[in-house]
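Written out below as C-alpha cells is the structure these notes cover.
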Amino acid sequence: SDFEQLPDDVAISANIADIEEKRGFTSHFVFVIEVKTKGGSKYLIYRRYRQFYALQSKLEERFGPESKTSRFTCSLPTLPAGGCSEPQEAQGRLSLPVCVPLGSGTRGPQSRKLRRGNSIRRWHAPRDRELALFDFTGNSKLELSFKAGDVIFLLSRVNKDWLEGTSQGATGIFPTSFVKILKDLPEEDDPTNWLRCFYYEDTVSTIKDIAVEEDLSSTPLFKDLLELMRREFQREDIALNYQDAEGDLVRLLSDEDVRLMVKQAQGLPSQKRLFPWKLHITQKDNYGVYSTAP
C-alpha cells in the first residue's frame, strides 16, 4: 500500500546497460545506467568508476560496521578494484553482462557508430519533436524502434548522428538520419566544443579544429594535451606552442605554461563553441619557428 502512494517519478530500479568511451582532453570510460521509475518511464545517467568509489567511501563512513555516527550499521559489499582502461576490463570488474553492440537499423540510410557524451539526461516533459521518415528497428534495449510516420518527442541530442526521444510510451536512442526534425532542441544541449590547432610542417601551416567534450572554461593538463595532439596528428615528435601578444610562438613545457596560455586568452574575442586559446603544433626539433631577435 505504501508503494501505491509513491509518485510515478520515483526511481525503483537501476541497471548498468552499457559502457562507453568519453573523449575530451583525456579518454576514459563511463557506465551507462538505465533508471526506471514507478510510472514506467526511464532515463539514462552516466557515471565513472571513481564516482562509485566516492559513494562507497561515504556509505562505509556513515553505515559501515565501524561507524560511530549512525545507529544503523551494516556490512557493505566490497567494491571491485578500479583503474580500468578498457570496456572489457570494466565489465569484468563490476561483473556486468556482455552488452549487445549498438548498431544501425534494418532499413533506410545507414546509421553511424554511437558515441554519447558524459552528461546526465533525465526524462522531462516532451517539447521538441521529429517525424520518422523510415522504419527503424533497434538492436538493443537502449534503442527506440519506430515506424515511418510516427511522431517522436525529442529528449536530448546524443551527438551529431544520434538522438534520444520517446514515442508511444517507449524511450530510447536512434539515428538522426532516420527522422525529420520539426522542432529542434536548443543548441546548448550539444556538449561538443572545438579546439583550433595550427600544424606546422616545413613551411606549410594547416588548420584543424578538434572536437572535445569539455567546457570552454576548462584548463587541461600539459601531459593530457600533448597526448591528445599526438593522437590527432599521428606524430610523437611534436611540440606544443601558443602565440603571444607580439605574434611569437612560445613553447609549452608544463602545466604552468598551459595555465598562462589560458589566462592570456581570457580577454581575447572568441567564437561560439571555440576555445579562446589556440594551439600551434610544431616539430620537436624545429627551433626555426621561434623568434630569436633581441
Side-chain angles (χ1 to χ4, degrees), residues 20-31 45-55 57 82-85 115-121 156-160 186-200 205-284 286-287 289-291:
E20 66 176 31
E21 184 179 11
K22 178 185 181 298
R23 290 190 178 275
F25 295 126
T26 60
S27 294
H28 57 266
F29 294 93
V30 295
F31 298 95
I45 61 175
Y46 302 78
R47 294 292 185 269
R48 296 186 64 173
Y49 179 89
R50 66 186 183 189
Q51 292 172 294
F52 285 108
Y53 182 83
L55 175 61
S57 299
C84 53
S85 59
R115 187 174 299 283
R116 296 185 298 275
N118 183 23
S119 59
I120 300 174
R121 300 186 185 92
S156 67
R157 181 175 296 279
V158 177
N159 58 25
K160 64 184 181 66
E187 188 178 359
E188 287 71 21
D189 281 15
D190 185 359
T192 304
N193 289 310
W194 299 86
L195 172 57
R196 176 153 295 175
C197 301
F198 298 86
Y199 181 70
Y200 298 77
S205 175
T206 57
I207 300 176
K208 181 176 183 180
D209 289 338
I210 299 174
V212 291
E213 295 173 5
E214 301 281 358
D215 187 85
L216 290 177
S217 61
S218 60
T219 301
L221 297 176
F222 171 74
K223 64 179 182 63
D224 295 336
L225 204 53
L226 180 60
E227 180 59 33
L228 175 63
M229 294 302 110
R230 285 173 172 172
R231 186 170 63 244
E232 288 291 333
F233 292 99
Q234 296 295 302
R235 296 286 297 266
E236 292 292 322
D237 57 335
I238 60 174
L240 309 185
N241 310 268
Y242 70 96
Q243 199 170 54
D244 63 14
E246 288 72 35
D248 296 328
L249 294 187
V250 179
R251 180 170 290 194
L252 300 172
L253 298 172
S254 65
D255 291 341
E256 185 179 357
D257 293 337
V258 175
R259 289 193 293 268
L260 179 61
M261 173 187 67
V262 173
K263 183 178 180 180
Q264 290 189 358
Q266 289 176 351
L268 300 177
S270 61
Q271 297 175 255
K272 193 173 184 179
R273 297 202 175 279
L274 194 66
F275 282 87
W277 46 275
K278 313 292 187 292
L279 277 183
H280 295 256
I281 315 301
T282 62
Q283 304 307 307
K284 194 172 183 179
N286 180 14
Y287 295 98
V289 296
Y290 304 107
S291 173

Which residues share a ring-ring contact (aromatic ring centres under 6.0 Å, His included) with Phe198, sequence neighbours left out =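 Here the qualifying residues are His280.
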
key: For Tyr287, ring-ring contact (aromatic ring centres under 6.0 Å, His included) partners two or more places apart   =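 For Tyr287 there are no ring-ring contact (aromatic ring centres under 6.0 Å, His included) partners, ignoring immediate neighbours.
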
request  = Please report the shortest heavy-atom distance between Arg251 and Tyr290, naming the atom on each side.
outcome  =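 For Arg251 and Tyr290, the tightest heavy-atom pair comes out as NE-OH, 2.7 Å.
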
Using the test side chain to side chain contact (heavy atoms under 4.5 Å, CB included), find all partners of [X] that sit at least two apart in sequence or belong to another chain.
X: Leu55; value: Leu59
X: Ala265; value: Leu268, Pro276, Trp277
X: Glu256; value: Ser254, Arg259

Where at least one partner belongs to residues 234-249, residue pairs that pass salt bridge (charged side-chain N to carboxylate O under 4.0 Å, His left out), sequence neighbours excluded =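 Residue pairs with at least one partner in residues 234-249: Glu201-Arg235, Arg230-Glu236, Arg235-Asp237.
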
So, taking the atom named [atom1] in [X] and the one named [atom2] in [Y], what distance separates them when rounded to the nearest 0.5 Å?
X: Leu228; Y: Thr26; atom1: CG; atom2: OG1; value: 9.0 Å
X: Asn241; Y: Ile281; atom1: CG; atom2: CD1; value: 7.0 Å
X: Leu225; Y: Met261; atom1: CG; atom2: CE; value: 6.0 Å
X: Ile238; Y: Cys197; atom1: CD1; atom2: SG; value: 9.0 Å
X: Ile210; Y: Met229; atom1: CD1; atom2: CE; value: 3.5 Å

Residues which pass salt bridge (Lys or Arg N to Asp or Glu O under 4.0 Å) with Arg231, listed by chain and number, not counting sequence neighbours =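 Result, salt bridge (Lys or Arg N to Asp or Glu O under 4.0 Å) vs Arg231: none returned.
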
For [X], what residues pass the side chain to side chain donor-acceptor pair (under 3.5 Å) criterion, not counting sequence neighbours?
X: Arg196; result: Asp209
X: Tyr53; result: none
X: Lys208; result: Glu232

query = Would a distance-only check, ignoring hydrogens and angles, find a side-chain to backbone donor-acceptor pair under 3.5 Å from Asp257 to Leu253?
reply =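 It does hold such a pair.
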
key: Where at least one partner belongs to residues 217-248, residue pairs that pass ring pair (Phe, Tyr, Trp, His ring centres under 6.0 Å), sequence neighbours excluded   =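 Of all non-adjacent pairs touching residues 217-248, those that pass ring pair (Phe, Tyr, Trp, His ring centres under 6.0 Å) are Tyr199-Phe233.
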
inquiry  = With side chain to side chain contact (heavy atoms under 4.5 Å, CB included) as the criterion, how do Leu279 and Leu252 come out once you've worked through the C-alpha distance, each side chain's angles and the decisive distance to 0.1 Å?
reply    = CA-CA 10 Å; Leu279 277 183; Leu252 300 172; 3.8 Å; yes

ask   = Side chains of Leu260 and Val250: does their closest heavy-atom pair fall under 4.5 Å?
value =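 Heavy-atom side-chain distance check fails, nothing below 4.5 Å.
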
pair Val258-Leu221: side-chain heavy atoms closer than 4.5 Å =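 No, every pair of side-chain atoms sits at 4.5 Å or beyond.
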
